[in-house]
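Throughout, a chain's letter reflects where its sequence line sits, starting with A, and its residues are numbered from 1.
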Amino acid sequence: MQSTLQIYNTLTRKKENFEPLSPPHVGMYVCGPTVYGDAHLGHARAAITFDIVFRYLMHLGYKVRYVRNITDVGHLENDTDELGEDKIAKKARLDQLEPMEVVQLFVNRYHKNMEQLNVLPPSIEPTASGHVIEQIEYVKEILKNGYAYEKEGSVYFDVVRYNEDYNYGKLSGRKVEDLLQNTRELAGQEDKKNSFDFALWKKADPKHIMRWPSPWSDGYPGWHMECSAMGAKYLGEQFDIHGGGLDLLFPHHESEIAQVNAAKGHEAVKYWMHNNMITIDGQKMGKSLNNFITLNEFFSGDHEALDQAYDPMVIRFFMLQAHYRSTLDFSNEALKAAEKGMNKLFEAYKLLDQIQESSSSVDIKKYHDLCFDALNDDFNTPIALAHLFDLSRIINQVNDGKKSFTKENITIAKKLFETLLFSVFGLRDEKGKDDSHLIDYLMETILDIRKQAKENKDYATADKIREELEKLNIQIKDSKEGSNWLFK
RNA sequence: GGUACCGUGGCCGAGCGGCUAGGCACUGGUCUGCAAAACCAGCUACAGCGGUUCGAAUCCGCUCGGUACCUCCA
């Protein structure tokens with residue numbers, strides 16, 4: 001009995017049945033990285049969360065167009081001494097690089113990290129800088145409809161005016177009246193009618209390198225503009241899913257909703273999805289807090305907070321063991337636990353090729369249904385994994401001769417592991433992948449020698465072989481039938 | 001100050017009113033020349049105080065503690 005997919009919609013704060021606007025097509029837009037530094041665990045979580053959504057929707061047979069942008073125009077810095085300077089421009093000046101050189105460098109590094117994490121590339125990966133014209137057109141529409149005003153070459157969104165016709169704050173649960181009371185004085189905002197009005201177009205000061213001509217000034221688009229413009233361009237005026245990190249809920253996504261209503265008179269997004277944050281020692285990680293560990297540091301182990309290097313797949317598995325809407329606290333202990341758990345699943349999967357068929361069977365279908373029910377329940381990967389662990393125990397029991405599988409059982413179990421672990425969860429068992437024939441032959445020989453040593457009661461030699469292989473992360477497993485081995 | 005959210009056993013982490021989550025760690029056992037792996041068994045918790053209910057980790061209230069957003073960030 002397979003349920004239908006339900007997605008938690010931030011807009012309604014409820015799980016809703018997933019019904020695409022025009023099946024079998026699904027349009028999904030996810031806020032991608034601002035490329036002025038290396039990707040960290042937080043980027044990985046967002047990417048992996050929506051990679052799972054992307055993969056699972058495809059598994060269900062949908063034709064998904066997945067758009068994930070690259071923010072390469074940068075956002076306004078709020079540092080008082082760097083007033084109005086674009087993040088990317090700032091980094092460029094510090095490094096004596098062209099802005100687009102910085103962008104290219106970190107885009108390349110981001111792509112490499114994503115590949116390591118086995119995150120599928122999106123269908124379209126548009127850049128903000130490549131869509132300035134679309135953004136200008138979008139600003140014009142909002143101006144024309146009277147929801148924005150121009151001041152000193154910049155264009156601002158008029159939140160109070162908008163709120164007369166629509167509801168600003170519906171996504172994040174904020175009220176304009178509260179925002180009004182909560183006015184703060186921020187430097188450089190004299191041009192705005194209200195502090196919470198946001199820029200649609202910003203005039204560039206003379207030092208600002210990244211700039212484009214527009215009807216209002218030489219400048220650059222405001223920071224919520226790109227997603228509205230590019231979402232509309234590639235997914236249409238209405239599309240199914242918009243995703244991103246919870247930190248983007250306000251003001252970014254709230255403002256996107258406002259922009260769309262202001263320009264088009266209706267909303268664009270049916271399901272809003274937000275992944276939760278990663279914490280380190282219970283505290284969020286963030287660029288400004290300087291407590292983030294980059295993915296490259298995880299993969300190399302080169303960071304004082306790390307006990308060891310972690311395989312990209314361990315990071316991926318670690319994320320899947322928590323629900324995407326929960327915060328996930330990082331620790332070496334948790335990561336090591338994930339590493340062991342993941343290997344346990346891989347080993348159980350491999351055993352399926354070795355176990356003997358029999359006539360008596362086990363109810364495997366049950367695990368299949370439980371796993372997919374979990375995924376259908378707002379992508380509950382930790383529950384699905386729990387069921388796979390249960391199935392792994394059964395496979396091991398079969399291998400130990402305590403239970404038995406029919407041929408059909410084995411087929412179903414293999415299919416389930418392949419679909420979930422590799423296809424939907426995007427995990428891959430990479431250990432010992434290269435030179436596997438050579439390694440297999442060498443290991444066969446070595447194990448043969450060890451077997452003879454054991455027959456001669458030469459345990460010193462047998463143990464020596466085992467210990468030396470241990471150093472190469474090769475583990476010997478002895479049993480009555482002979483010896484086996486695996487990469488730890 | 002405003003707005004959201006969270007507090008589960010040694011650690012991570014599910015849970016959405018009744019039924020063992022799961023992983024890791026630990027303890028005992030089976031197996032093994034020994035070890036590892038695997039299997040079996042054990043440890044079995046829901047911040048505190050009230051309330052609703054036949055029954056609450058799960059709903060309501062209060063208290064305490066923590067986090068995020070409101071300013072760039074996944």
Side-chain angles (χ1 to χ4, degrees), chain A residues 10 13 15 30-34 36-37 39-50 71 74-79 86-87 169 172-175 177-179 181-182 184 186 195-196 223 243-252 254 274-279 282-289 292 317-318 321-323 325-342 344-345 347-348 351 374 377 380-390 392-393 395-397 399-403 454 457 459 462-463 466-467 470 475-480 484 486 488:
Chain A
T10 311
R13 315 243 164 209
K15 287 179 195 169
V30 173
C31 293
T34 305
Y36 67 105
H40 55 68
L41 264 195
H43 293 104
R45 186 161 202 201
I48 289 168
T49 296
F50 293 102
T71 298
H75 298 165
L76 283 173
E77 293 257 24
N78 198 43
D79 306 350
D86 183 292
K87 255 183 187 170
S172 58
R174 258 157 255 256
K175 292 187 176 66
E177 304 85 76
D178 295 339
L179 291 170
Q181 289 180 339
N182 192 25
R184 305 205 270 172
L186 291 169
S195 63
F196 45 77
W223 38 287
L246 199 56
D247 52 338
L248 296 176
L249 187 65
F250 189 91
H252 186 57
E254 192 69 62
H274 292 92
N275 63 279
N276 216 316
M277 306 287 102
I278 298 274
T279 55
Q283 222 195 358
K284 81 151 186 168
M285 38 184 279
K287 305 209 160 164
S288 50
L289 292 175
F292 64 92
F317 190 84
F318 174 62
Q321 277 198 299
H323 187 85
R325 282 192 287 113
S326 301
T327 54
L328 174 58
D329 197 45
F330 154 83
S331 70
N332 280 287
E333 206 179 349
L335 233 36
K336 286 176 196 170
E339 184 171 36
K340 289 198 176 184
M342 180 178 73
K344 192 172 180 172
L345 291 182
E347 290 310 313
L351 274 179
D377 184 12
N380 199 327
T381 54
I383 294 286
L385 281 174
H387 293 306
L388 281 188
F389 276 114
D390 286 341
S392 292
R393 176 174 293 115
I395 292 169
N396 283 320
Q397 286 170 338
N399 186 241
D400 285 0
K402 290 177 175 158
K403 282 196 171 75
K454 281 170 72 176
K457 306 265 184 223
Y459 295 121
D463 288 350
R466 189 172 62 203
E467 283 158 22
E470 196 85 19
Q475 187 169 73
I476 305 267
K477 302 204 300 191
D478 289 340
S479 69
K480 277 182 204 154
N484 228 322
L486 61 105
K488 281 201 289 189

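Evaluation of the ring-ring contact (aromatic ring centres under 6.0 Å, His included) rule for A:Phe250 yields no partner, not counting sequence neighbours. A:His387 pairs by the side-chain hydrogen bond (donor to acceptor under 3.5 Å, both in side chains) definition with nothing, not counting sequence neighbours. Not a single salt bridge (Lys or Arg N to Asp or Glu O under 4.0 Å) links A:Lys344 to another residue, sequence neighbours left out. Listed by chain and number, the residues in a side-chain hydrogen bond (donor to acceptor under 3.5 Å, both in side chains) with A:Lys15 are A:Asp377 (sequence neighbours excluded).
For the P atom pair drawn from B:rA57 and B:rA47, the interatomic distance equals 10 Å after rounding to whole Å. On the P atoms, B:rA37 is 12 Å away from B:rU27, given to the nearest whole Å. When the C1' atom is compared between B:rG55 and B:rG18, the two are found 6 Å apart, to the nearest whole Å. Nucleotides B:rC62 and B:rC6, compared at atom P, are 16 Å apart to the nearest Å. For B:rC46 and B:rC59, the C1' atoms lie 16 Å apart once the distance is rounded to whole Å. Atom C1' of B:rC24 sits at a distance of 13 Å from the matching atom of B:rG9, rounded to the whole Å.
For A:Thr279 and A:Asp329, the side-chain atoms include at least one donor-acceptor pair closer than 3.5 Å. Between the side chains of A:Gln397 and A:Lys403, at least one donor N or O sits under 3.5 Å from an acceptor N or O.
Counting only heavy atoms from C-beta on, A:His40 has its side chain closest to B:rA74 among B:rC34, B:rG13, B:rA74. Of all nucleotides listed (B:rG13, B:rC70, B:rA74), B:rA74 comes nearest to the side chain of A:Asp247.
A:Asn396 comes within 4.0 angstrom of the backbone, heavy atoms only, and of no base. In this structure, A:Leu248 reaches the sugar-phosphate backbone alone: every heavy-atom distance under 4.0 Å involves primed, P, OP1 or OP2 atoms, never a base. Across all strands shown, A:Gly42 has heavy atoms under 4.0 Å from base atoms, whether or not it also approaches the sugar-phosphate.
Side-chain atoms of A:Asp377 and base atoms of B:rG15 include no donor and acceptor less than 3.5 Å apart. Counting atom types as modelled, A:Asp400 pairs no side-chain N or O with a base atom of B:rC31 as donor and acceptor under 3.5 Å. Side-chain atoms of A:Arg45 and base atoms of B:rA74 include no donor and acceptor less than 3.5 Å apart.
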Please list, pair by pair, any protein nitrogen or oxygen found under 3.5 Å from a nitrogen or oxygen in nucleotides 21-23 of chain B.
unit_1: B:rG23; atom_1: OP1; unit_2: A:Arg393; atom_2: NH2; d: 3.3

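With rounding to whole Å, A:Met277 atom CE is found 17 Å from B:rG66 atom C1'. Atom C1' of nucleotide B:rU32 and atom CG of A:Asn484 are separated by 15 Å, given to the nearest angstrom. Nucleotide B:rA36 holds its P atom 17 Å from the OH atom of A:Tyr459, rounded to whole Å. If you take CD1 of A:Ile395 and P of B:rA37, they are 19 Å apart, rounded to a whole angstrom. Put simply, CG on A:Asp478 is 11 Å from P on B:rC34, counting in whole angstrom units. In this structure, the CD1 atom of A:Ile278 is 13 Å from the P atom of B:rA74, given to the nearest Å. A:His274 has its NE2 atom 20 Å from the P atom of B:rU3, to the nearest Å. Nucleotide B:rC24 holds its P atom 15 Å from the CG atom of A:Leu335, rounded to whole Å.
In this structure, the side chains of A:Arg393 and A:Asp390 come closer than 4.5 Å at one or more pairs of heavy atoms.
Distances shown here put a side-chain N or O of A:Ser326 below 4.0 Å from the OP1 or OP2 atom of B:rA14.
Consecutive Watson-Crick or G-U pairs involving RNA chain B, each under 3.5 Å on both distances, make up stems of three or more pairs at B:1-7 with B:64-70, B:10-12 with B:22-24, B:26-30 with B:38-42, B:47-51 with B:59-63.
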